[in-house]
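Here the structure is laid out as structure tokens; the discussion comes afterwards.
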Amino acid sequence: MKYSIVLLSIMFLVVFTEAQTTWKVGDRVQVKTSAMEKWENATILRDRGDGSYKATLDDPANYADATPLVYPNQIRSVNAKPATIFAINSRVDVYLSYGDPKGRATVLEIIDSGRYKVRYDGCKAYWDEVVDWSQLKPVTYISSDDPDLTATFGKWAMFVYSYPNTVLKGNDIYREYGPGGKAPPLLINANGTFVWYDEFKKPPVNGKWTAHAKIEGLKMGTESVNGILIYDSRGNYWKVYKDRADHIEARLMCSGETQGGTRIR
């Protein structure tokens, strides 16, 4: 069976909104704290004078606190509209409710009240998540001839890193590190194809790689760097990216499993 990644075009409607950072008593708003699954309608009850507010929930039935303490990034106008309306199968970058980037995903379902069900790249269904429209942005793209990507072209001798184990010896605790092991080679071609002998004594995977841009603002992890996506013989996706001169990393998406590669040619 052949596997491929299809980056579907994003269908969206742009609606301009005006950000508001200060509020007054009596303002009709929506609020969301860490205890809330979604944004809830509320009214500003009190300005605490330190940049925070007390709000009264319209429907507090599901919450222990009917007048939560909220900060400006937890408040928006009751008439707030999404900057982008995404269609099913749209590619998106997902952010946490307080603004930090989280991961790249595909829209699976449009939920009521402007929420979306998304699946993160390379993850199984149990990682699916329902997020608010304010947490989504159109996916970031990168050209296939970007230097970050062309640095991965070539043939690579791959190596599986050893992961440490915690071992108890008497009253002492040790971290043990194994030597790792050699893995089958990987060939990445400039014409958009790859050949990966991901398992010894088995036919290689012949496929097409896909450019996969980093998510702006993400400081660490698989999606904090520009690279390409390939897949193994089980259909699992890996991101390959330049690590240093003549060296690459291949990381299993939605996992910490990593292989290193040293240039053969």
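Computed from heavy atoms alone, side chains included, the values below leave out hydrogens, waters and symmetry copies.
Applying the salt bridge (Lys or Arg N to Asp or Glu O under 4.0 Å) test to every pair with at least one member in residues 189-199, sequence neighbours left out, gives these pairs: E199-K202, E199-R234. Under the disulfide (SG to SG under 2.5 Å) criterion, the residue pairs touching residues 231-265 are C123-C254, with sequence neighbours excluded.
Closest approach of A55 and A42 over heavy atoms only: CB-CB, 4.2 Å. Of all non-hydrogen atoms in A213 and K239, the two that sit nearest each other are O-NZ, 3.9 Å. When all heavy atoms of T67 and K54 are compared, the pair lying nearest together is O-NZ, 2.6 Å. Taking both residues in full, the closest heavy atoms of D146 and I142 are given as CG-CD1, 3.6 Å, listed atom of the first, atom of the second, then distance. Between D232 and V205 the shortest heavy-atom distance is C-CG2, 3.7 Å. Residues S255 and T222 come closest through the heavy atom pair O-OG1, 4.4 Å.
Note on I88: it clusters hydrophobically with V118, by side-chain heavy-atom contacts below 4.5 Å among ILVMFWY residues.
Listed by chain and number, the hydrophobic cluster partners of L69 are Y71, where partners are ILVMFWY side chains within reach of under 4.5 Å, directly or through others. Chaining together hydrophobic side chains whose heavy atoms lie under 4.5 Å apart places Y126 alongside W127. Grouping Ile, Leu, Val, Met, Phe, Trp and Tyr residues whose side-chain heavy atoms lie under 4.5 Å apart, directly or via other members, places Y241 in a hydrophobic cluster with V225. Other residues sharing the hydrophobic cluster of L218, ordered by chain and number and joined by side-chain separations under 4.5 Å: Y95, I215.
Listed by chain and residue number, N189, T193 satisfy the side chain to side chain contact (heavy atoms under 4.5 Å, CB included) test with N191 (two or more places apart in sequence, or in another chain). Residues passing the salt bridge (Lys or Arg N to Asp or Glu O under 4.0 Å) test with E37, sequence neighbours excluded: R115. R119 pairs by the salt bridge (Lys or Arg N to Asp or Glu O under 4.0 Å) definition with D128, not counting sequence neighbours. Residues that satisfy the salt bridge (Lys or Arg N to Asp or Glu O under 4.0 Å) test with E129, not counting sequence neighbours, are K102. Considering only residues two or more places apart in sequence or on other chains, R48 meets the salt bridge (Lys or Arg N to Asp or Glu O under 4.0 Å) condition with D50.
Remark: the backbone N or O of F86 is paired with a side-chain donor or acceptor of Y116 at under 3.5 angstrom. Looking only at distances, a side-chain donor or acceptor of T258 sits under 3.5 Å from a matching main-chain atom of G256. The main-chain N or O of H247 is never found under 3.5 Å from a side-chain atom of D243 such that the two would form a donor-acceptor pair.
The CD1 atom of I230 sits 12.0 Å away from the CE atom of M253 when rounded to the nearest 0.5 Å. Put simply, OG on S134 and CG on N73 are 10.5 Å apart, with the number rounded to the nearest 0.5 Å. Of the inter-residue distances, the one linking R46 atom CZ with T56 atom OG1 reads 10.5 Å to the nearest 0.5 angstrom. The CG atom of L108 lies 8.0 Å from the CG atom of N89; values are rounded to the nearest 0.5 Å. With rounding to the nearest 0.5 angstrom, the CG atom of L252 is 5.5 Å from the CG atom of N236.
Residues F159 and T262 form no side-chain contact, since every pair of their non-hydrogen atoms from C-beta on lies 4.5 Å or further apart. A heavy-atom distance below 4.5 Å is not found between the side chains of S34 and Q74. Annotation: side chain of R91 is in contact with side chain of D121 (closest heavy-atom distance under 4.5 Å). No side-chain heavy atom of L229 sits less than 4.5 Å from a side-chain heavy atom of W209. T43 places none of its side-chain heavy atoms less than 4.5 Å from the side chain of L57. Contact check for V139 versus V92: no side-chain heavy atoms found under the 4.5 Å cut-off. Residues V25 and L45 have side chains not in contact (no heavy-atom distance under 4.5 Å, counting atoms from C-beta outward). Side-chain contact check for R251 versus E223: every heavy-atom pair is 4.5 Å or farther apart.
At a threshold of 4.0 Å, the pair R76-D132 counts as salt-bridged, since one of the basic side-chain nitrogens sits closer than that to a carboxylate oxygen. Salt bridge present: R104 and D93 bring a charged side-chain N and a carboxylate O closer than 4.0 Å.
Taking a 6.0 Å sphere around NZ of K117, one finds it holds 12 or fewer heavy atoms contributed by other residues, nucleotides or ligands. Within a 6.0 Å sphere centred on NZ of K32, other residues, nucleotides and ligands contribute more than 12 heavy atoms. With a 6.0 Å radius and a threshold of 12 heavy atoms from other residues, nucleotides or ligands, K242 has its NZ atom at or below the threshold.
Donor-acceptor pairing under 3.5 Å is recorded for the side chains of E40 and Y63.
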Exercise for review: Would you sort out whether V160 and Q259 count as a side chain to side chain contact (heavy atoms under 4.5 Å, CB included), showing the intermediate values?
Suggested key: CA-CA 5 Å; V160 178; Q259 294 185 20; 4.0 Å; yes
Check your understanding: Do D47 and W23 pass the side-chain hydrogen bond (donor to acceptor under 3.5 Å, both in side chains) test, and can you show the C-alpha distance, the side-chain angles, and the key distance before you say yes or no?
Key -> CA-CA 8 Å; D47 182 345; W23 306 91; over 6 Å; no
Practice item. I would like to know whether W196 and W238 meet side chain to side chain contact (heavy atoms under 4.5 Å, CB included); could you show each step before the answer? Key: CA-CA 11 Å; W196 191 10; W238 295 68; 3.7 Å; yes
Review point. Does the pair Y231 and F194 meet the rule for a side chain to side chain contact (heavy atoms under 4.5 Å, CB included), with working shown?
Key: CA-CA 9 Å; Y231 47 88; F194 71 91; 4.1 Å; yes
Exercise for review: Could you walk me through whether D58 and Q30 pass the side chain to side chain contact (heavy atoms under 4.5 Å, CB included) test, one step at a time?
Suggested key: CA-CA 10 Å; D58 286 8; Q30 290 185 328; over 6 Å; no
Show me, pair by pair, the donor-acceptor contacts under 3.5 angstrom made by side chains of residues 147-158, not counting sequence neighbours?
from: D148; atom 1: OD2; to: N226; atom 2: ND2; distance (Å): 2.9
from: T150; atom 1: OG1; to: P147; atom 2: O; distance (Å): 3.2
from: T152; atom 1: OG1; to: L149; atom 2: O; distance (Å): 2.6
from: W156; atom 1: NE1; to: T152; atom 2: O; distance (Å): 2.8
from: W156; atom 1: NE1; to: G154; atom 2: O; distance (Å): 3.4

